[in-house]
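The structure appears below as structure tokens.
Numbers here are sequence positions counted from 1. Whatever order the structure lists ligands and atoms in, that order sets their numbers, starting from 1.
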Amino acid sequence: MRQLIAGNWKMHGRLADIPAYAAALRAASAHTDLLICPPFTLIERLAAALAGAGVGVGGQDCHGAAQGAHTGDVAAAMLAEAGASFVILGHSERRHDHGETSATVAGKAQAAIAAGLTPIICVGETEAERDAGEAEHVVRSQLAHSLPAGFAGVIAYEPVWAIGTGRTPTEADVVAMHGAIRAALVEKLGEAGKGLRILYGGSVKPGNAASLLSLPEVGGALVGGASLKAEDLLAIAAAAPRG
Ligand code: 13P
């Protein structure tokens, strides 16, 4: 399967950035799937700028309800209407800043799937949890509670301590965690769990992408800071093995 290189702009990016960014992606011919998740306000404009380019656009969150009195929230169907085909859910910044639990994330994933979006569910341990030898236990528990029954989507393993820090786990730690995630997916979903992509995220850059993306059970990357420059995102995609 082709790898998926997904950019999470977080709360970065302005309207004025869209034309040059989209033009750079249009000019490239990546051998991976590409996805950009900008802030809500830019989804429609980015989707229009990338129309026909084969690059996906996604949201960074959605609500678990189809509509309702939820000031400041966005429903999955609204994202789809704006041109999104994916949505990132349960990012550690959402879990930390907004107190999202795995149960909340499961509800959001269900809503996303009902609206025709592919959820990207993020899991990952803190540094204290890793130091205590609990990384795998924490990630397995997040998976057990964040995935609705019959889940079809993408998992992103993002160790919290590797996000925005320039630090990455050792190759052996990535292999061990992605193997554990695969085993948990198969336990929960049976045969369907074998085919889901497991992305690695946390300080992925053009310089470390080739080694991270070549590891077993790594099906792509969820890229934060480096995705703000189209050239860097494309360099990461170019470093991915051909699937
Ligand atoms: P960085 O690539 O900036 O470390 O962010 C990773 C991330 O959180 C992507 O969702």
Side-chain angles (χ1 to χ4, degrees), residues 3-13 17 21 32-40 42-43 46 55-62 79 84-98 100 102 105 108-109 112 117-127 129-130 135 138-139 142-143 146 153-171 173-174 177-178 181 196-213 215 218-240:
Q3 293 211 353
L4 170 63
I5 306 299
N8 174 9
W9 284 10
K10 309 191 178 184
M11 200 169 71
H12 296 283
D17 303 327
Y21 196 96
T32 67
D33 291 338
L34 293 176
L35 169 69
I36 312 297
C37 300
F40 292 140
L42 296 181
I43 289 175
L46 186 61
V55 178
V57 176
Q60 299 175 12
D61 179 46
C62 70
L79 295 179
S85 48
F86 285 75
V87 60
I88 298 169
L89 295 174
H91 190 282
S92 64
E93 287 149 18
R94 301 281 324 166
R95 291 178 190 261
H96 181 266
D97 296 354
H98 299 273
E100 288 190 7
S102 291
V105 175
K108 291 177 177 213
L117 299 177
T118 301
I120 300 176
I121 297 199
C122 303
V123 294
E125 81 286 356
T126 63
E127 184 152 39
E129 288 162 345
R130 175 157 289 275
V138 166
V139 166
Q142 288 173 335
L143 284 171
S146 304
V154 178
I155 304 298
Y157 169 55
E158 300 206 308
V160 178
W161 52 272
I163 295 176
T165 59
R167 297 163 59 203
T168 53
T170 64
E171 292 190 0
D173 285 343
V174 173
M177 188 61 84
H178 279 238
I181 292 171
L196 301 187
R197 285 195 274 213
I198 307 169
L199 312 183
Y200 168 78
S203 296
V204 178
K205 310 280 178 215
N208 62 16
S211 53
L212 286 165
L213 293 172
L215 300 174
V218 173
L222 183 53
V223 184
S227 73
L228 297 175
K229 282 192 183 159
E231 294 69 22
D232 285 354
L233 191 80
L234 289 167
I236 290 167

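Residues Arg94 and Glu100 are paired through a salt bridge, judged by an N-O separation under 4.0 Å between the basic side chain and the carboxylate.
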Mind listing the N or O contacts between ligand 1 and protein, cut-off under 3.5 Å?
residue	atom	partner	partner atom	Å
ligand 1	2 (O)	Gly224	N	2.9
ligand 1	3 (O)	Gly225	N	2.8
ligand 1	4 (O)	Gly164	N	2.6
ligand 1	4 (O)	Ser203	N	2.8
ligand 1	5 (O)	Lys10	NZ	3.3
ligand 1	8 (O)	Lys10	NZ	2.8
ligand 1	8 (O)	His91	NE2	2.7
ligand 1	8 (O)	Glu158	OE1	3.4
ligand 1	10 (O)	Asn8	ND2	3.0
ligand 1	10 (O)	His91	NE2	2.9
ligand 1	10 (O)	Glu158	OE1	3.1
ligand 1	10 (O)	Glu158	OE2	2.9

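The side chain to side chain donor-acceptor pair (under 3.5 Å) check on Tyr200 picks up nothing, with sequence neighbours excluded. Considering only residues two or more places apart in sequence or on other chains, Glu129 meets the side chain to side chain donor-acceptor pair (under 3.5 Å) condition with Thr126. With sequence neighbours excluded, no residue satisfies ring-ring contact (aromatic ring centres under 6.0 Å, His included) with Trp161.
Using a 3.5 Å distance cut-off with no hydrogens or angles, the side chains of Glu125 and Tyr157 do pair a donor with an acceptor. For the 3.5 Å distance criterion, the side chains of Asn208 and Ser211 fail to qualify, holding no donor opposite an acceptor.
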